[in-house]
Amino acid sequence: MGDVLDKNKIIEIGDDYASKYGFSDPEEYFHKGARGINHEVVEMISRMKKEPDWMRKFRHKALDIFLSKPMPGWGNTKLLNEIDFESIYYYIKPIEAQGRSWDEVPEYIKNTFDKLGIPEAEKKFLAGVSAQYESEVVYHSLKEDLEKQGIIFLDMDSGLREHPDIVKKYLGTVIPAMDNKFAALNSAVWSGGSFIYVPPDVDVKIPLQAYFRINAENMGQFERTLIIADKGSRVHYIEGCTAPVYSTDSLHSAVVELIALDNAYIRYTTIQNWSKNVYNLVTKRAMAHKGATVEWVDGNLGSKFTMKYPCVYLVGEGARGEILSVAFAGEGQHQDSGAKVIHAAPNTSSRVTSKSISKASGRSSYRGLVKVYPKAEKSKVSVECDALLLDEASRSDTYPTMEIDSDNVRIEHEARVSKVAEDQLFYLMSRGLTEDEARLLIINGFIEPFTKELPMEYAVELNRLIELEMEGSVG
Amino acid sequence: MSDKREIFSIKDIHVKVEGKEVVKGLSLEINRGEKHAIMGPNGSGKSSLAQALAGHPGYEITSGEAFLDGKNLFEMDATERSLAGLFLAFQYPYAIPGVTVANFLRTAIKARANGDESVLRNFRKDLMEKFELLQMDKVFATRYVNDGFSGGEKKRLEILQMAMLNPKVAILDETDSGLDIDALKIVSSGINTVASSDNAILLVTHYQRILNYVKPDKIHVMIDGKIVESGGPELAIQLEEQGYDRIKRSFDEKVGI
Ligand SMILES: Nc1ncnc2c1ncn2[C@@H]1O[C@H](COP(=O)(O)OP(=O)(O)O)[C@@H](O)[C@H]1O
Ligand SMILES: [Mg+2]
């Protein structure tokens, strides 16, 4: 890996937890429904999953890092400090995750599903009531097809069981537990997520979707995703869906690591719409080697507070990174999102396009870092952030940081805050659109650079969802 | 209810913008199948009149009334006026970035169909026909509305919209300005194609140039917020030769300035 990484500062803490704490049966332990976070919980998670010893240690070390790291002093410290780590369940057995009853799902979530016209089976899955979903059938035939080409596409737990060598080689190399407090927490208690490996020169023709491999461990709060595109390969992964994902748990903290080896291409598309009680604190980073391209396409709706700054390390000559994001902050929501690009090799290029929409008391922040190291000469950087405020009560902030330590770098930077202009509204109304229809059309136009990158059905769903948000009919 | 022949009437309207009165008592009647032209120098209040009639909230109608095919215009908002059959071709059309011309027009047509999506069945074909009518390249269907359009392209798109929406009364505000002679001919033939014995057109213009191609039945000269003279097509020729000065002078004498 490139020298940008610093993954060796992990404190040695020994590994005799079992004898030290006299742990009992993990089944029984979790049956009691243990809240809070400590070494006992971590030990039980690892035992429950029958993990190799190195992973068990990885988790314990990460927990120590989590416990020793202070909360980030930025973003929204007030909201961050309201998180009560002791009240959270860090591991829920798949059986129990399936066992939630439809009656427990809040009415507004059900209504939204109805409005989106989501089929019954999918609704239940999205609400966490059922872990089964029709597309599992689709997945089986797809899986055979992928296997023939040597493509591995599994949930992360199965990935670790079936391909421990690949996982051990790459996991935590892009995002070590040291990276930040929430990456450390995820490293300690992760469950689920996707594991993808694409062999050299294989072009995965259809986008791989999390839907296809759905099982009980898919939608965990602490997902861990690892994608490795070997030399010259290409893959597009799509995570999430536009329907609101209902979670009784208030903290979602995922880690996503992408590795694009020489001349590989990875696109990672996410649309997230968590229910509005959720803290969505996600660390996403990618490593782009020589001639490789990584693209993050990231849409954030819902949640109470989101912190998410997809990152690309351009570590090989000619590598390219693109981060395209949309955030919608409705009443009482704070979307703190952005992008991070590190240029560490010559002739690298990056483009960041960030779009945010704020409504009512919603607040959206763009937080960006572009760093160009001295050796990254002849690199190109382009950053564009656009904020749209829908009313007087909404708010938008921009915190762009550029550290350019190389001459001979081309940089473009643009930031704009705009409102829906009365004249534009009038123009559309004079063609027969109602004021609401006109406003919605203008908003759809505003995020078009994003939606046009989405597969058709996602683009349609996203526009429909924003329509619901505008009506104020999503909880 | 109104007389069958009359499709549009304005009675003594006054318009204020930014606290200033810019239309000062103006009346007009147009029958089905007629084309009228309002001509006047810059700043005489032509666009203010047009914006106010279309329902721009920034242009306050302080008194007067207007009827479109028997419906009281000022009881409707901009949307309802459009649905009732009014169309305004803007002097300065606005850009809607990210919204394609096709998507925009589809939305507009759907808006007047009361949820009946069958009106969209021939949408594609209709749109392509109108592109031909205005000799616009079909790639404009996928361009964003007025975004990066030249002045002339914007004007063509306004007339294309008119042709798609097929209004009862179309007010065309300086549609001729910024067009070269070839474009002027194309746009004029577009207007003439839409004009029928069932609708009415009100051309608002500074120059009489367009009137060589779109022949008006009546011409009204507007100065300082009022119509000061009305007449047949010959009035346009007179204005072309003498400028607005003659009328202005006689108007000034009349009001004793
Ligand atoms: N939105 C506006 N804000 C302020 N003043 C305006 C506005 N629109 C028009 N006016 C004023 O009203 C007067 C008439 O303008 P306008 O209606 O555009 O005339 P015309 O179209 O005949 O050239 C001018 O003095 C102009 O400055
Ligand atoms: Mg004007």
Side-chain angles (χ1 to χ4, degrees), chain A residues 117 297 299 324-326 328 353-357 384-391 414-454 456 459-460 462-464 466-467 470, chain B residues 50-59 76-101 103-115 119 142-147 154 157-158 160-162 164-167 169-171 173:
Chain A
V297 178
L324 181 58
S325 66
V326 159
F328 186 105
T353 311
S354 156
K355 299 258 175 188
S356 72
I357 301 165
E384 190 185 327
C385 18
D386 255 342
L388 186 66
L389 300 178
L390 296 185
D391 45 51
E414 258 184 82
R416 270 185 303 267
V417 178
S418 50
K419 295 186 171 142
V420 176
E422 190 180 63
D423 289 329
Q424 274 180 323
L425 281 177
F426 172 61
Y427 185 60
L428 295 178
M429 288 172 73
S430 79
R431 279 18 177 181
L433 278 66
T434 63
E435 187 172 342
D436 286 347
E437 287 167 345
R439 188 172 285 110
L440 190 65
L441 196 63
I442 292 167
I443 292 169
N444 286 349
F446 176 77
I447 61 166
E448 213 269 349
F450 181 86
T451 35
K452 76 167 189 238
E453 294 297 327
L454 298 176
M456 182 65 164
V460 170
L462 181 64
N463 283 344
R464 175 84 185 111
I466 286 181
E467 187 179 344
M470 291 306 298
Chain B
Q51 296 278 317
L53 289 172
H56 191 300
Y59 293 79
M76 301 186 266
D77 69 10
T79 308
E80 293 161 332
R81 291 180 203 190
S82 167
L83 299 181
L86 185 69
F87 180 86
L88 170 62
F90 283 59
Q91 181 174 6
Y92 304 109
Y94 296 100
I96 316 288
V99 177
T100 63
V101 166
N103 185 18
F104 166 50
L105 280 167
R106 194 180 291 115
T107 312
I109 292 206
K110 224 163 78 183
R112 56 201 65 228
N114 264 326
V119 292
T142 58
R143 294 258 317 255
Y144 300 148
V145 177
N146 292 319
D147 197 22
K154 286 182 188 171
L157 184 63
E158 292 296 288
L160 182 133
Q161 292 176 44
M162 173 179 80
M164 286 297 284
L165 300 181
N166 209 3
V169 174
I171 304 170
D173 191 2

Run the side-chain donor-acceptor check on residues 446-454 of chain A: report pairs under 3.5 Å with partners two or more places apart or on a different chain.
from	atom 1	to	atom 2	distance (Å)
A/Glu448	OE1	B/Tyr144	OH	2.4
A/Thr451	OG1	A/Ile447	O	3.3
A/Thr451	OG1	A/Glu448	O	3.4
A/Glu453	OE1	A/Arg267	NH1	3.1
A/Glu453	OE1	A/Arg267	NH2	2.8

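Ring geometry, B/Phe90 versus A/Tyr427: the interplanar angle exceeds 60°, so the pair is classed perpendicular (tilted spans 30 to 60°).
Of all the listed residues (B/Glu80, B/Arg112, B/Gln161, B/His56), the one sharing the greatest number of non-hydrogen pairs under 4.5 Å with chain A is B/His56. With respect to chain B, the highest number of heavy-atom pairs below 4.5 Å among A/Leu441, A/Asn444, A/Ile442, A/Leu425 belongs to A/Leu441.
Although no hydrogens or angles enter the test, the distance criterion places no donor-acceptor pair under 3.5 Å between the side chain of B/Thr79 and the main chain of A/Gly432.
Listed in order of number, the residues of residues 416-424 of chain A that approach chain B to under 4.5 Å between heavy atoms are A/Glu422, A/Asp423, A/Gln424.
Between A/Phe426 and B/Gly55, the shortest heavy-atom distance links the atoms CE1-C, 3.4 Å. Taking every heavy atom of both residues into account, B/Ala108 and A/Leu433 meet most closely at CA-CD1, 3.7 Å.
With a threshold of 4.5 angstrom between heavy atoms, B/Ile96 approaches chain A through its backbone and through its side chain. Using a 4.5 Å cut-off between heavy atoms, B/Pro93 contacts chain A through both its backbone and its side chain. Heavy atoms closer than 4.5 Å to chain A are found nowhere in B/Asp147, neither backbone nor side chain. For B/Ala95, the part lying under 4.5 angstrom from a heavy atom of chain A is the backbone only.
Residue A/Met429 holds its CE atom at 10.0 Å from CG of B/Leu83, rounded to the nearest 0.5 Å. Here CG of A/Leu428 is found 11.5 Å from OH of B/Tyr94. Values are rounded to the nearest 0.5 Å.
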